[in-house]
**Q** 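This is the structure I want to talk about, given as structure tokens.
Convention: sequence-line order gives letters A, B, ...; per-chain numbering from 1.
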Amino acid sequence: MASTNSEDLFKNIISHAKEYGFIFPSSEIYDGLSAVYDYGQNGAELKKNIREFWWKAMVQMNENIVGIDAAIFMHPTTWKASGHVDAFNDPLVDNKDSKKRYRADVLIEDHVAKIEAKIFKEVEKARGRFGDAFNEDQFRSTNPRVLENQQKIDAINARFKSALEANNLEEVRQIILDLEIVCPISGTRNWTDVRQFNLMFSTQVGSVSEEASTIYLRPETAQGIFVNFLNVQKTGRMKIPFGIAQTGKAFRNEIVARQFIFRMREFEQMEMQFFIKPGTEMEWYSYWKETRMKWHRSLGFPESKQRFHDHLKLAHYANAACDIEFEFPFGFKELEGIHSRTDFDLGNHEKFSGKKLQYFDPELNQNYVPYVVETSIGLDRMFLAILSQSYAEEKLEDGTERVVLRIPPFLAPIKCAIMPLVKKDGLPEKAREIMDQLKYDHLCFYEEKDNIGKRYRRQDAIGTPFCITVDHDTLNDNKVTIRDRDTMAQERVSISEVAKILNEKVDIRAALKRLN
RNA sequence: GCGGCAAUAGCUCAGUUGGCAGAGCAUCAGUUUCCCAAACUGAAGGUCGCGGGUUCGAUUCCCGUUUGCCGCUCCA
């Protein structure tokens with residue numbers, strides 16, 4: 001059972017996640033759906049608790065940050081303004097020998113450019129021959145070689161244009177084959193089919209197909225915040241600097257989606273857009289870098305597991321960007337992104353909507369489009385980080401092994417298991433009384449099946465931090481034992497104190513205070 | 001997307017040179033023990049991922065396909 005290397009470890013974590021009701025492949029009875037997963041009974045709780053911790057840390061702990069919940073469907077123009085439509089509409093083709101991928105339109109344009117170069121050469125030759133008397137337009141419209149090449153170019157362009165307009169990718173490939181375009185690296189013409197990779201999923205709104213208009217499932221939640229900037233600023237009487245936070249599903253049609261729930265086609269983001277005065281972005285960028293790292297560190301995992309990764313190549317919307325990376329079993333990977341987005345988004349939404357998205361700054365007595373610093377974390381990735389960091393295969397003193405999830409108690413799916421030592425002599429009744437007392441505050445679990453050791457191990461496996469056991473002495477002294485998941489040590493306490501003790505042990509407040 | 005490997009019970013896997021489908025653990029019902037996966041009795045759980053082909057007969061051989069993992073590629 002013990003994992004000898006990180007690949008085994010990762011496989012064991014995946015098995016464990018399924019066996020104990022954290023993660024299931026989507027629609028598994030139909031063989032699943034590639035890169036889509038469901039959260040099971042324990043996974044849903046853990047995910048909810050992570051989301052709550054983020055929400056409280058961002059919204060509840062910051063007077064100048066408020067939360068919204070925007071719709072997944074948005075007006076199609078949103079994605080033109082954001083740049084998502086244009087950035088991802090390229091027809092791509094792979095060379096099977098060199099395994100290199102090219103944009104089909106670039107291959108064809110390069111080929112056209114070569115023909116143009118030939119024409120240019122002819123023209124320059126002629127210019128040298130005729131000297132000052134040279135009439136380029138006349139030469140181009142009469143020279144047979146130039147005309148022939150120009151016709152070729154026109155024919156290619158016309159054919160390519162109509163193929164693209166008809167969305168006929170077969171034809172695009174045929175053009176590449178007919179033009180005998182070779183891969184610059186392998187030199188072969190062994191091309192795959194041409195494929196259109198659009199990052200966004202589309203669907204139709206409207207009941208009649210002719211009236212239907214195409215809309216997209218949002219590829220990021222951020223735009224829901226930008227389009228509501230004025231609504232929130234005005235109705236919330238927000239003053240810059242202020243933030244808008246949101247959690248929710250986003251969808252990306254990834255070409256390659258892999259590594260369990262690390263890269264899924266449907267995933268949940270937790271994003272916060274912080275609106276600031278232009279010129280102050282670098283201060284706020286480093287403020288949020290440190291603040292977010294503190295949040296990650298507050299979970300108590302080794303600091304060596306997290307690191308910053310500064311982006312050298314910046315996206316079209318950013319003037320500074322970094323990732324917080326986590327060391328997953330398959331290496332350091334992005335967990336959260338912090339981006340200085342300038343006024344790119346609000347500015348573009350102004351252009352496309354024609355609405356003024358500005359803030360009147362009373363101190364400066366002037367309007368401006370605010371700059372934005374964004375923090376964007378993948379909830380599913382955070383879930384995987386916590387799951388893989390918590391998972392431990394332990395060898396105990398007596399030589400037996402146990403699997404334990406050392407999830408921080410306030411994030412654990414089940415906070416407390418309550419069990420009678422045996423299921424007779426009135427012990428179950430007593431345990432039920434305690435269960436009925438605690439269930440109003442915490443998700444608790446009652447169990448009387450199997451011997452007590454087995455029940456403890458089952459709770460270890462799902463990360464339940466505490467087990468309360470009712471034994472024969474309980475009936476006389478009204479005391480129970482509280483067993484700690486990590487140390488396996490037991491403490492005997494009065495039943496009247498149990499609620500108070502448990503409240504303290506699983507309280508999210510301690511974690512939030514560590515953020516200060 | 002390309003290449004490699006894999007898919008048999010909830011989990012980990014064995015197996016049949018092509019001839020009635022197996023183990024351990026887990027699950028459920030009971031007996032017993034009672035503080036760290038104990039024991040016993042019984043039960044349930046499978047079109048051997050799916051679809052074709054070859055064959056008297058395919059879980060086994062062949063082809064396709066789906067899903068997963070790994071490498072490359074991609075990830076504004």
**Q** With rounding to the closest Å, how many angstrom separate the C1' atoms on B:C28 and B:A9?
**A**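 Rounded to whole Å, the distance is 15 Å.
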**Q** Of all the choices, B:A76, B:C36, B:C34, which nucleotide is nearest to the side chain of A:L421 once you look at every atom?
**A**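 Of the candidates, B:C34 comes closest.
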**Q** Which residue lies toward the 5' end of RNA chain B, A:G32 or A:V470, if each is placed at its nearest nucleotide?
**A**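 Going by which nucleotide is closer to the 5' end, it is A:V470.
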**Q** Taking CG from A:D425 and C1' from B:U33, how many angstroms apart are they, rounded to a whole number?
**A**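 Going from CG in A:D425 over to C1' in B:U33 covers 13 Å.
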**Q** If you check every side-chain atom of A:Y20, which of B:U12, B:G49, B:A37 has the closest atom?
**A**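 For the A:Y20 side chain, the nearest candidate turns out to be B:A37.
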**Q** Look at all strands and tell whether A:A35 reaches a base, only sugar-phosphate, or nothing, counting heavy atoms closer than 4.0 Å.
**A**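 Sugar-phosphate only.
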**Q** Pick base, sugar-phosphate or nothing for A:Q259, based on heavy-atom distances below 4.0 Å to the nucleic acid.
**A**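 The answer is sugar-phosphate, as A:Q259 gets under 4.0 Å only of primed atoms, P, OP1 or OP2.
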**Q** What is the base-pairing partner of B:G68, counting Watson-Crick and G-U wobble geometry with both distances under 3.5 Å?
**A**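 Across all strands, the one nucleotide that pairs with B:G68 is B:C5.
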**Q** Among the candidates B:C36, B:G68, B:C70, find the nucleotide nearest to the side-chain atoms of A:Q490.
**A**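 When the side chain of A:Q490 is considered, B:C36 is the closest of B:C36, B:G68, B:C70.
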**Q** Rounded to the nearest Å, what distance is computed from the CD atom of residue A:E374 to the P atom of nucleotide B:A76?
**A**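 For the pair A:E374 CD and B:A76 P, the rounded distance is 12 Å.
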**Q** Base, sugar-phosphate, or nothing for A:D471, non-hydrogen atoms under 4.0 angstrom?
**A**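 Contact class for A:D471: base.
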**Q** Using a heavy-atom cut-off of under 4.0 Å over every strand shown, decide if A:E220 touches base, sugar-phosphate, or nothing.
**A**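 If one applies the 4.0 Å heavy-atom cut-off, A:E220 turns out to touch a base.
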**Q** Please give, in whole Å, the distance from B:U33 P to A:L427 CG?
**A**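 The answer, rounded to whole Å, is 14 Å.
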**Q** Using a 4.0 Å heavy-atom cut-off, does A:Y30 contact any base of the nucleic acid, only the sugar-phosphate backbone, or nothing at all?
**A**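 No contact at all - A:Y30 keeps every heavy atom at 4.0 Å or more from the nucleic acid.
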**Q** Under a 4.0 Å N-O cut-off, is there an ion pair linking A:R483 with A:D460?
**A**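 So A:R483 pairs with A:D460 through a salt bridge.
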**Q** Only pairs with both distances under 3.5 Å count, Watson-Crick or wobble alike; so what is the partner of B:A44 in this structure?
**A**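 Base-paired to nothing in any strand shown.
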**Q** Could you give the distance separating B:C40 and B:U32 at their C1' atoms, to the nearest angstrom?
**A**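 These two C1' atoms come out 8 Å apart once rounded.
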**Q** Is any side-chain heavy atom of A:K430 closer than 4.5 Å to a side-chain heavy atom of A:I495?
**A**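 When only atoms from C-beta onward are counted, A:I495 and A:K430 do touch, with a gap below 4.5 Å.
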**Q** Show every donor-acceptor pair shorter than 3.5 Å between a side-chain atom in residues 319-335 of chain A and any protein atom, with sequence neighbours excluded, or say none if there are none.
**A**
residue	atom	partner	partner atom	Å
A:N319	OD1	A:S340	OG	2.6
A:N319	ND2	A:E281	OE2	3.4
A:D323	OD1	A:H311	NE2	2.9
A:D323	OD2	A:H311	NE2	3.0
A:E325	OE1	A:R307	NE	2.8
A:E325	OE1	A:R307	NH2	3.0

**Q** With syn defined as a glycosidic torsion within 90 degrees of 0 and anti otherwise, which applies to B:C11?
**A**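 B:C11: anti glycosidic orientation.
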**Q** Which nucleotide in the set B:G49, B:C36, B:A76 lies at the smallest distance from any side-chain heavy atom of A:R252?
**A**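 Given the options B:G49, B:C36, B:A76, the side chain of A:R252 is closest to B:A76.
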**Q** Write down the partner of B:U55 under the Watson-Crick or G-U wobble criteria, each distance required to be under 3.5 Å.
**A**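 Partner of B:U55: none.
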**Q** Using the C1' atoms only, state how far B:A21 lies from B:G64, rounded to an integer number of Å.
**A**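 My reading of the C1' atoms in B:G64 and B:A21 gives 26 Å.
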**Q** Can you check the distance between B:G22 and B:G45, where both ends of the measurement are the P atom (answer in whole Å)?
**A**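 The answer is 15 Å between these two P atoms.
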**Q** Think A:R265 forms a cation-pi with A:F201, using NZ or CZ under 6.0 Å from the six-ring centre and within 45 degrees of its axis?
**A**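 That pair does not qualify as a cation-pi contact.
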**Q** Would you check if A:I386 and A:F301 make a side-chain contact, meaning some heavy-atom pair closer than 4.5 Å?
**A**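 Of all side-chain heavy-atom pairs linking A:F301 with A:I386, at least one is under 4.5 Å.
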**Q** Of the candidate nucleotides B:A76, B:C36, B:C11, which contains the atom at the shortest distance from the side chain of A:R457?
**A**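 Comparing B:A76, B:C36, B:C11 against the side chain of A:R457, the answer is B:C36.
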**Q** Which value, in whole Å, describes the distance between the C1' atoms of nucleotides B:G46 and B:A23?
**A**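 Between the two C1' atoms, the distance is 15 Å.
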**Q** Applying side chain to side chain contact (heavy atoms under 4.5 Å, CB included) between A:I501 and each of A:V493, A:I468, A:V506, report the one that passes.
**A**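 Single side chain to side chain contact (heavy atoms under 4.5 Å, CB included) partner of A:I501 among A:V493, A:I468, A:V506: A:V493.
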**Q** Return no unless some side-chain N or O of A:K454 is found under 4.0 Å from OP1 or OP2 of B:A26.
**A**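 So the side chain of A:K454 is within the cut-off, an N or O lying under 4.0 Å from OP1 or OP2 of B:A26.
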**Q** Is the NZ or CZ atom of A:R432 both under 6.0 Å from the centre of the six-membered ring of A:Y446 and within 45° of that ring's axis?
**A**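 Cation-pi check for A:R432 and A:Y446: passes.
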**Q** Should A:R402 and A:E393 count as an ion pair when the cut-off is N to O under 4.0 Å?
**A**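 Judged by the 4.0 Å cut-off on N to carboxylate O distance, A:R402 and A:E393 do not form a salt bridge.
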**Q** Would you indicate, yes or no, if B:U66 has its OP1 or OP2 atom less than 4.0 angstrom from a side-chain nitrogen or oxygen of A:S34?
**A**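 No.
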**Q** Over how many whole Å does the gap from A:F328 atom CZ to B:C69 atom P extend?
**A**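 The answer, rounded to whole Å, is 14 Å.
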**Q** In the structure shown, which nucleotide is the Watson-Crick or G-U wobble counterpart of B:G10, with both distances under 3.5 Å?
**A**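 Across all strands, the one nucleotide that pairs with B:G10 is B:C25.
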**Q** Under 4.0 Å, counting only non-hydrogen atoms across every strand here, what does A:T469 touch: a base, just sugar-phosphate, or nothing?
**A**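 Here A:T469 touches the bases of the nucleic acid.
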**Q** Go through B:G10, B:A76, B:C36 for me and flag the one nearest to the A:Y456 side chain.
**A**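 Nearest to the side-chain atoms of A:Y456, counting from C-beta on, is B:C36.
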**Q** Give me the distance, rounded to whole Å, that separates B:C74 from B:C2 when you measure between the C1' atoms they each carry.
**A**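 Nearest-Å result for B:C74 against B:C2 at atom C1': 12 Å.
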**Q** Taking the side chain of A:K449 as heavy atoms from C-beta outward, which of B:C11, B:A37, B:A29 is closest to it?
**A**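 Given the options B:C11, B:A37, B:A29, the side chain of A:K449 is closest to B:A29.
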**Q** Between B:U67 and B:A14, how far apart are the C1' atoms? Round to whole Å, please.
**A**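 It works out to 23 Å between them.
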**Q** Side-chain N or O of A:R458 versus OP1/OP2 of B:C25: is the shortest distance under 4.0 Å?
**A**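 It does not, given that no N or O in the side chain of A:R458 lies less than 4.0 Å from OP1 or OP2 of B:C25.
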**Q** Can you tell me whether the side chain of A:R483 and the base of B:C36 have a donor-acceptor pair closer than 3.5 Å?
**A**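 For A:R483, whose side chain was compared with the base of B:C36, there is a donor-acceptor pair (under 3.5 Å).
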**Q** When you match A:R341 and A:F260 each to their closest nucleotide on RNA chain B, which lands nearer the 5' end?
**A**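 Whichever sits nearer the 5' end wins; that is A:F260.
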**Q** Indicate whether OP1 or OP2 belonging to B:U33 is found under 4.0 Å from a side-chain N or O atom of A:K424.
**A**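 Result: yes.
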**Q** Whole angstroms only, please: what is the CG-C1' distance between A:D450 and B:U32?
**A**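 From A:D450 CG to B:U32 C1': 13 Å.
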**Q** Measuring centre to centre across the rings, with the benzene-like ring taken for any Trp, is A:F73 within less than 6.0 Å of A:Y216?
**A**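 Centroid distance A:F73-A:Y216: not below 6.0 Å, so no.
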**Q** Can you check the distance between B:G18 and B:C36, where both ends of the measurement are the C1' atom (answer in whole Å)?
**A**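 Nearest-Å result for B:G18 against B:C36 at atom C1': 49 Å.
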**Q** Between A:D473 (CG) and B:C35 (P), how many Å, whole number?
**A**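 So the two atoms are 11 Å apart, to the nearest Å.
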**Q** Sort out the partner of B:U31 for me: Watson-Crick or G-U wobble, both distances under 3.5 Å, none otherwise.
**A**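 Base-paired to B:A39.
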**Q** Tell me whether the side-chain N/O atoms of A:N451 come closer than 4.0 Å to OP1 or OP2 in B:A38.
**A**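 A:N451 to B:A38 OP1/OP2: side-chain N or O found under 4.0 Å.
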**Q** Please state how far atom CD1 in A:I452 lies from atom P in B:A38, giving the value in whole angstrom units.
**A**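 Between P of B:A38 and CD1 of A:I452: 12 Å.
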**Q** A:K18 has an atom NZ; how far is it from atom P of B:U27, in whole Å?
**A**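 Spelled out: NZ on A:K18 to P on B:U27 is 16 Å.
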